[in-house]
Amino acid sequence: MTLALDATLCGLIVAVALATVLGRGVFRAIVFFIVYGLLLSVAWVRLGAVDVALAEAAIGAGLTGVLFLAAVGKLARTGAEAEPAPGRPHLPAALACAGLTGALAWAWFALPEPERPGSDLAAALPRAGVENPVTAVLLNFRAWDTLLESIVLLAALVGLWLLARDEDWHDRLGLPQHVRPGGVMESFGRLLPPVGVLVGIYLVYIGADRPGGAFQGGTVLAAVGLVAALAGLIRTPRVTGHLWRAAMVVGPLVFLAAGVAGAALGAGFLTLPEPIAGGAIFAIEIALASSIAVTLAFLVIGPPERGHRR
Amino acid sequence: MSALVAVLVLPLAGALATVALPGRAARIAASTAIAATLAAALALAAWVAARGVPRLEIGGWAPPVGIAVEADGLAAAMIVMTATVMAAAGLSARHMLAPGAAGARAAFGFWPLMLLLWAALNAVFVSRDLFNLYVGIELLSLAAIGLVAIEGKAAALAAAMRYMIFALAGSLLYLAGVVLVYAAHGALDAGLLTDRTPARTDGLALALMTVGLMAKTALFPFHVWLPPAHGGAPAPASAMLSALVPKASFVILLRLWFDVMPDQATEGALALMAALGTAAVIWGGLAALVQERLKLIVAYSTVAQIGYLFLVFPLAGGASAEMPWAAGAWNGAVFLALSHGLAKAAMFLAVGQWMAARGGDRLEDLRGIATAMPMTAFAFALSSITLVGLPPSGGFTAKYLIMTSAFAAGQWGWALVMAGGGLLAAAYLYRPVAVIFARAEVPDSPLPSRGRQVVPLILAGAAVALGIASAAPFDLLSTGRPQAAGEGL
């Protein structure tokens, strides 16, 4: 039974991936891409990696899909051709991709059986301050990676804002949204956020012990903000809004400050002494989730733009 | 030890402050972070020279559980060079981005991106962990792409987009290689991997990582993104992008081929890398010869100079690794990376000041500029000497080391590449130098202050000083080298 399920899942993933790449039409490709992300997250659940599944569903399928849809909408509005003319396949690119695929397929057979995570990790886990091993790796063992990753998001947002026109800089982020009063989007926008806020906060809260954490929870919270903005319930802020900018940096800042405090107190850079590790990780996760939520939402909304301009 | 933490933390803290604070306060925060990081970089180099290699297991977790960082001589030297270039670029940008001189958009974006770029460079130079290096080059690429786009014109955005496609493809290939390494060995730490039992997939992993890093280093034939990106950015950004960014992925390549997996270095692969380097020297040199815009000449010269760096692989890797000439080639390549960084930054900053005075960088616009701005013209000429490789510059020392290694190794073909590349560089740099020193009617235009004009001169002087006083940087470089790198030739 499980074999049949897994085989069906694999078949579906490959089929949807092919449909994404080979099918005509950008919009259709995006829809397939979102389905592809959801199927992948099911596959991660089957592999027992629930944290990865959550991230894939929220970011890989959800936010990335919304970004693509927004890009297509923008192309159509500016009058640019969203549908590329059907052309011949790019032969060198096709050959390079085929070669890479072949090499990776060979590697799959040549690699040794994967081992369980080593004994070093098992020995370190009880001293990490949290029970969820993924959170232990992300916020304690490899905290330096995670700190840099959280700043990568910030760099992406600064880069995105630089794409604004100089004369639009002081306008609100993104394009103004208009929804029909009492329409589907508006009622959706009233219904979803309370539930979403609850789920997002729960995911951050539970992250210490079970699947969840700042990235997954922050993404859900970002989605809540996006739905509210799309439904026209809230107006997007401006680049110069200093409270929002502070919210963007508070996560990395708290993380960095905790690291420096460890160094200053003699424990070492980014060292969380065992008795306080759990509490420190929780505090860092809350701050990170706020920054991730704000930054991701701003990334999807886009740079400041004046409405109705060509 | 605390200097090691400081070079990682200070630029990050500065970047966060410049995002959060309003205009004037952000400028003050940026200046403070630049000065503090420069001081920390010098302190770190002094520590390394006096006491050896500081090592930090971040969070107190030893590999394979945690991440280790180490500042060996190579890292310390690159960090000091980076700090010098960053300080000069920051000084130049202060005036360019002053309120009123630039739009609010560029004035907001430049400082955080510059400081993030710096933090990423330092993180890459000291990291001993293959996945941490991936995070580092991701941050590096994103900040660099933002700096290319900062001009805001359509051409700059197109260059940034092209750069992004190359950089992301490179990142993915590198990551695929890291995944293979982790799957085979369950470790990401450079030291642990050096002592590993080689697996069948190691060759493929190294190849994937190398191709990805070559795309990021802009080695021929992956160089096509570089000239429009470096030529289109504002001068202080071009200086950082051209002098520093390709060096980070090159340093990772050095670590992979000489420290992590020297056992996988086959003669054919090493020769192929040097052959691509040779193609880069020739192609970059020829392309620089036919450009009409000075910034593009300087950018194509980076394509050529990156090519030299890859001659180190057959001369110091594989069967040559145990030979007496290996140390000379290795030191020569690092010396070239250092002196090219200083000289190239000096050139871009000088060109930036001329563009501000003359309104363009076409060679015809710049005729006789030396009469009006002699200090920057002198800086450009000094930098040219280093790029061509004439004594007594750092470029000469580097080329001398690599050429003597090539002759000692009996691989004289690579020495020919060095000599031919030097001639090409002399040819393509003669045109701008001749134009800027030509006698011409000088149109009256407002000139930058002397304080600003002296900045590129300091950088160019440092590139020459690297050749005159080569003993101290030489000792620093050999700190923490596995082989006795100070010996040899």
Is it the backbone or the side chain of [X] that comes under 4.5 Å from a heavy atom of chain A, or both, or neither?
X	value
B:A119	neither
B:L116	side chain
B:L188	side chain
B:A199	neither
B:F131	both
B:L117	neither
B:L147	neither
B:L204	side chain

If you tally heavy-atom pairs under 4.5 Å against chain B, which of [options] wins?
options	answer
A:D145, A:V260, A:V152, A:T240	A:D145
A:L253, A:L104, A:V249	A:V249
A:W106, A:W161, A:W108, A:W244	A:W106
A:A123, A:A164, A:P304, A:A247	A:A164
A:G268, A:P303, A:A156, A:A107	A:A107
A:L243, A:L154, A:L256	A:L256

Taking the six-membered ring for Trp, are B:Y174 and B:Y134 parallel (under 30°), tilted (30 to 60°) or perpendicular (over 60°)? parallel

Distance, nearest 0.5 Å, that separates [atom1] of [X] from [atom2] of [Y]:
X	Y	atom1	atom2	answer
B:I28	B:W111	CD1	CH2	12.0 Å
A:L67	A:I301	CG	CD1	11.0 Å
B:T201	B:H185	OG1	NE2	6.0 Å

Given heavy-atom pairs under 4.5 angstrom as the criterion, report whether the side chain, backbone, both or neither of A:L100 touches chain B. side chain

If one checks every heavy atom of A:A110 against chain B at 4.5 Å, the contacting part turns out to be both

Under 4.5 Å, heavy atom to heavy atom: which of residues 154-163 of chain B reach chain A? Give them by number, or say none. B:L157

Would you list the pairs meeting ring pair (Phe, Tyr, Trp, His ring centres under 6.0 Å) in which at least one residue belongs to residues 251-275 of chain A, sequence neighbours left out? A:W144-A:F269

Flag the pair B:R105 and A:D166 as a salt bridge only when some basic side-chain nitrogen lies within less than 4.0 angstrom of an acidic carboxylate oxygen. yes

